[in-house]
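Here the structure is laid out as structure tokens; the discussion comes afterwards.
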Amino acid sequence: MNRPPSRGRTVRDRGAVAVEFAIVVPVLLLIVFGIIDFGRAINAQIVLTGAAREGVRLAALGYSSAEVQARVAAAAPDLTGVTATVVASCPPGAGPAADAQVDVSYSFTFITPIGAVASLIGDASLGAPMVLTAQGVMPCET
């Protein structure tokens, strides 16, 4: 018996659509969550780079380590937990032959459940907090 083709979807079609949707959703969520958190991470990295520049500028002028750390914290007001380390500062009379160096770091945490979605696909390491770093080096001006 040949039945004429129906115009609507059958129960079997709806089941296939549900299965396809279940397969595609984790990948789509991973892409969307990745875009959101990648944008946030790039923004944090740009802010850290600017904070390292601010800090190394003060270190090159001979300011103390506490003043450099305060300037770095002020240059990254939206990032909590930024740490600045003055690797090399400029003593009085150092001249441009010596360099000042400041290292800045920040522990970036994801706001989206990217780790949970990634574990569905098979990569459980994605979504763990990561440390972003920036370094500023400038010739001494003292």
Side-chain angles (χ1 to χ4, degrees), residues 1-91 94-142:
M1 291 198 292
N2 290 340
R3 280 187 358 183
S6 63
R7 294 183 52 193
R9 292 182 179 220
T10 65
V11 174
R12 180 176 259 163
D13 288 341
R14 281 186 275 160
V17 169
V19 169
E20 291 168 0
F21 183 72
I23 292 171
V24 171
V25 163
V27 176
L28 290 177
L29 286 176
L30 188 64
I31 291 170
V32 169
F33 292 158
I35 289 170
I36 292 168
D37 277 331
F38 181 74
R40 289 183 58 248
I42 290 294
N43 184 34
Q45 184 65 48
I46 291 169
V47 169
L48 276 183
T49 302
R53 274 193 213 119
E54 291 284 328
V56 78
R57 177 73 180 141
L58 287 186
L61 293 173
Y63 284 80
S64 71
S65 226
E67 292 170 315
V68 169
Q69 290 172 353
R71 175 64 69 92
V72 167
D78 295 335
L79 304 179
T80 55
V82 174
T83 59
T85 306
V86 179
V87 177
S89 61
C90 296
D99 287 338
Q101 180 178 338
V102 174
D103 293 341
V104 180
S105 64
Y106 170 68
S107 179
F108 178 80
T109 55
F110 295 93
I111 62 168
T112 62
I114 194 167
V117 175
S119 67
L120 291 174
I121 295 174
D123 187 11
S125 67
L126 189 62
M130 61 183 184
V131 177
L132 301 177
T133 59
Q135 182 181 70
V137 178
M138 187 175 283
C140 293
E141 295 183 19
T142 57

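These numbers were taken from a predicted model, which means no experiment stands behind them.
The distance from atom CG of L58 to atom OG of S89, rounded to the nearest 0.5 Å, is 12.0 Å. From Q135, atom CD reaches atom CG of D103 across 4.5 Å, with rounding to the nearest 0.5 Å.
E67 is linked by a salt bridge (Lys or Arg N to Asp or Glu O under 4.0 Å) to nothing, counting only residues two or more places apart in sequence or in another chain. The side-chain contact (heavy atoms from CB on, under 4.5 Å) search around A98 returns A94, C140, not counting sequence neighbours.
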Under 3.5 Å, side-chain donor or acceptor atoms of residues 104-115 against the rest of the protein: list the pairs with distances, not counting sequence neighbours.
from: S105; atom 1: OG; to: T83; atom 2: OG1; distance (Å): 2.6
from: T112; atom 1: OG1; to: D37; atom 2: OD2; distance (Å): 2.4

Which side-chain N or O atoms in residues 27-34 pair as donor and acceptor under 3.5 Å with protein atoms at least two apart or in another chain?
none

Only pairs under 3.5 Å count here: list side-chain donor-acceptor contacts from residues 44-55, not counting sequence neighbours, and write none if there are none.
from: Q45; atom 1: NE2; to: T133; atom 2: O; distance (Å): 2.9
from: T49; atom 1: OG1; to: Q45; atom 2: O; distance (Å): 2.9
from: E54; atom 1: OE1; to: R71; atom 2: NH1; distance (Å): 3.0

Please determine whether side chain to side chain contact (heavy atoms under 4.5 Å, CB included) holds for the pair V102 and V87, giving the CA-CA distance in whole Å, both sets of side-chain angles, and the decisive distance to 0.1 Å. CA-CA 6 Å; V102 174; V87 177; over 6 Å; no

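The backbone N or O of A88 lies less than 3.5 Å from no partner atom in the side chain of Q101, so there is not a single donor-acceptor pair.
For the pair A41 and L132, the tightest heavy-atom approach, listed with the atom from each and the gap, is O-CD1, 3.9 Å. Here the closest non-hydrogen pair linking C90 and A100 is SG-CB, 3.7 Å.
Residue pairs satisfying the salt bridge (Lys or Arg N to Asp or Glu O under 4.0 Å) criterion with at least one member in residues 72-81, sequence neighbours excluded, are absent.
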